[in-house]
Number of protein chains: 2
Amino acid sequence: MPRLADPALPERRRAQILEAARFCFRERGFRQTTIEEICAEARISPGALYRYFHSKADIVAAIALDARAEAEVAIEQLAGAEGLLEALADLAQAFLEAFDKDGDAALLSDIWAEAARDSLLAKALAERDRVARGRLASAIDKARRGGGVYPAMESEEAAETLLTALEGFALRRALWRAEPIATSVRKFRTLTLHLLKPKR
Amino acid sequence: MPRLADPALPERRRAQILEAARFCFRERGFRQTTIEEICAEARISPGALYRYFHSKADIVAAIALDARAEAEVAIEQLAGAEGLLEALADLAQAFLEAFDKDGDAALLSDIWAEAARDSLLAKALAERDRVARGRLASAIDKARRGGGVYPAMESEEAAETLLTALEGFALRRALWRAEPIATSVRKFRTLTLHLLKPKR
DNA sequence: ACCTGAACACCGTTCAAGT
DNA sequence: ACCTGAACACCGTTCAAGT
């Protein structure tokens, strides 16, 4: 009998459950997926699942934060990027793709709806957003100092407006998978052009 | 025994149920509101409620379309408006207010999440959006012909981008009731200024 | 320490019975 | 024709019992 349990077990179990949940959510959506299904997929019992997550909502919250983190990798890269406009188009592409692996589109709105009721998740998302906005604002400032762009407004506000619009595009795609990602990216790009006014 | 039942009854019942549901949703949100609570508020039995709505989701859908209709009154007025920029700011104000009567903010994201799974609602919202976009595009065209604005892009695309951003602002407000509506309106207004480039 | 799975509580929906 | 409300089905969560 070991004095300490495997310290990596909890993290492994969480990952195992999250992977199963993501699979099910993509398949059938958040609401139509039952805990029992997640348990079957993760080969674990309901009792065990609840050792690692407080609730079903807690599971979406974890997935939400993961998905954001993935999309935000592109934001990290804004700082070092050569062309701000190019980097922004890449960011849009990454963000739209992160929530477009079929089924995931709806997940984005589930997350939003969940956050509107779960203030912990809302706070976590707000913090992520604050960071992303700050990074984008810095990148804009840097490009402005370098003479690459002549933004139409304060960098902070430009950053916020751009991220707001990007989120808007992503949510529209979640509802109406009408146009290819590239088209949404192009529209976003046109917006950045007119807000950031690059030197020609 | 009447040969015809009161033909206005169905519509009255629906209105009665919707009013009760709106009240409950504002109070506790869509998910936490039970059919039983709506029934109590509407002074009707569950069985009766299901004569008028197919499901709980059907009730949110109806509320969603109502709320949109309300916000879209402002879009109707774009056509006749003198100053396009002013009219757009009014539109933003109306839209943000329509989803800001406390509790309703979360409703906006509930609607979105519901629509992502309910293709009938999604189609209905898409149709509304198509109309709104068309009206806004016409208004932009008219202002352009009148020499009032020099839009940075095709009118259809400008309209779409503006509505997308507006929706984005509304959804952010749903999560983080951080800033006064007037501030969001001002940011939207700044965006319109830079996309529509009014003559000075 | 970790897990199982039956049991519980809750709630959306239906339906037999009433008027 | 319209309604009632008890019953049903389903599912998130808990907990006594196992290893």
Side-chain angles (χ1 to χ4, degrees), chain A residues 1-18 20-25 27-63 107 110-111 113-114 117-118 120-121, chain B residues 1-25 27-63 110-111 113-114 117-118 120-121:
Chain A
M1 137 182 167
R3 294 198 25 212
L4 284 181
D6 176 357
L9 179 60
E11 207 37 62
R12 224 168 53 230
R13 281 276 183 277
R14 279 182 65 95
Q16 170 186 359
I17 293 164
L18 285 180
R22 245 187 307 258
F23 175 82
C24 294
F25 291 162
E27 207 81 349
R28 283 177 296 285
F30 173 64
R31 298 189 198 190
Q32 280 111 65
T33 295
T34 68
I35 290 287
E36 201 180 344
E37 285 166 342
I38 297 175
C39 287
E41 184 64 31
R43 296 174 188 285
I44 207 175
S45 70
L49 184 147
Y50 279 90
R51 274 183 77 81
Y52 299 101
F53 291 95
H54 295 319
S55 66
K56 194 181 173 191
D58 196 26
I59 297 177
V60 224
I63 291 180
L107 192 54
D110 279 332
I111 289 167
E114 202 49 47
R117 293 278 150 49
D118 175 347
L120 267 185
L121 176 55
Chain B
M1 135 180 169
R3 292 194 30 208
L4 284 179
D6 176 358
L9 180 60
E11 208 36 64
R12 223 168 53 231
R13 281 277 182 277
R14 279 183 65 95
Q16 170 187 359
I17 293 165
L18 285 179
E19 194 183 352
R22 246 187 308 258
F23 176 82
C24 294
F25 291 161
E27 206 82 348
R28 283 176 296 285
F30 173 63
R31 298 189 199 190
Q32 281 110 62
T33 295
T34 69
I35 290 287
E36 201 181 344
E37 285 166 342
I38 297 175
C39 288
E41 184 64 31
R43 296 174 188 285
I44 206 175
S45 71
L49 184 147
Y50 279 90
R51 275 182 76 82
Y52 300 100
F53 291 94
H54 296 319
S55 66
K56 195 182 172 191
D58 195 26
I59 297 176
V60 224
I63 291 180
D110 279 333
I111 289 167
E114 202 48 48
R117 294 276 149 51
D118 174 348
L120 267 185
L121 175 56

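Labels below follow one simple rule: chain letters A, B, ... track the order of the sequence lines, proteins then strands, and each chain is numbered from 1.
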I'd like a list of close polar pairs between nucleotides 5-9 of chain C and the protein, N/O only, cut-off under 3.5 Å.
| from | atom 1 | to | atom 2 | distance (Å) |
| --- | --- | --- | --- | --- |
| C/dG5 | O6 | A/G47 | N | 3.2 |

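Side-chain contact between B/L9 and B/Y52 is present, with at least one heavy-atom pair separated by less than 4.5 Å.
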Query - Stepwise side chain to side chain contact (heavy atoms under 4.5 Å, CB included) test for B/E41 and B/R22 - result: CA-CA 10 Å; B/E41 184 64 31; B/R22 246 187 308 258; over 6 Å; no
Report task. Apply the test side chain to side chain contact (heavy atoms under 4.5 Å, CB included) to residues B/K56 and B/T34: give CA-CA distance (whole Å), side-chain angles for both, the deciding distance (0.1 Å), then the verdict. Result -> CA-CA 9 Å; B/K56 195 182 172 191; B/T34 69; over 6 Å; no
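The interatomic distance linking A/I59 (CD1) with D/dC11 (P) rounds to 15 Å, in whole Å. A/K56 places its NZ atom 12 Å from the C1' atom of D/dC10, with the value rounded to the nearest Å. Whole-Å rounding puts the A/R28 CZ to D/dC10 P distance at 15 Å. Between B/I35 atom CD1 and D/dC10 atom C1' there is a gap of 15 Å when expressed in whole angstrom units. Regarding A/F53, its CZ atom lies at a distance of 15 Å from the P atom of D/dT14, rounded to whole Å. Between the CD1 atom of B/I17 and the P atom of D/dC2 there is a distance of 13 Å, given to the nearest Å. The separation between A/H54 atom NE2 and D/dT14 atom C1' is 15 Å, rounded to whole Å. What separates CZ of B/R51 from P of C/dG12 is a distance of 21 Å, to the nearest Å.
Between A/F53 and A/A62 the shortest heavy-atom distance is CE2-CB, 4.1 Å. For the pair B/S45 and B/C39, the tightest heavy-atom approach, listed with the atom from each and the gap, is C-SG, 3.8 Å. In terms of heavy atoms, A/F30 sits closest to A/V60 at CE1-CG2, 3.1 Å. Contact detail for B/L121 and B/I111: the closest heavy-atom pair is CD2-O, 4.1 Å.
Nearest nucleotide to the side chain of B/L9, out of C/dT13, D/dC3, D/dG12: D/dC3. Taking every side-chain heavy atom of A/T34 into account, D/dG12 is the closest of D/dG12, C/dT13, C/dC3. Among the nucleotides C/dA1, C/dT13, D/dG12, the one closest to the side chain of B/Y50 is C/dT13.
Within the shown strands, nothing qualifies as a pairing partner of C/dC10 under the Watson-Crick or G-U definition with both distances less than 3.5 Å. When both distances must be under 3.5 Å, the Watson-Crick or G-U wobble mate of C/dC15 is D/dG5.
Heavy atoms of B/R13 sit under 4.0 angstrom from primed sugar atoms or phosphate atoms, though from no base atom.
Contact annotation: B/R31 side-chain N/O to C/dC11 OP1/OP2 distance is not under 4.0 Å. Within the 4.0 Å cut-off from OP1 or OP2 of D/dC3, at least one side-chain nitrogen or oxygen of B/Y52 is found.
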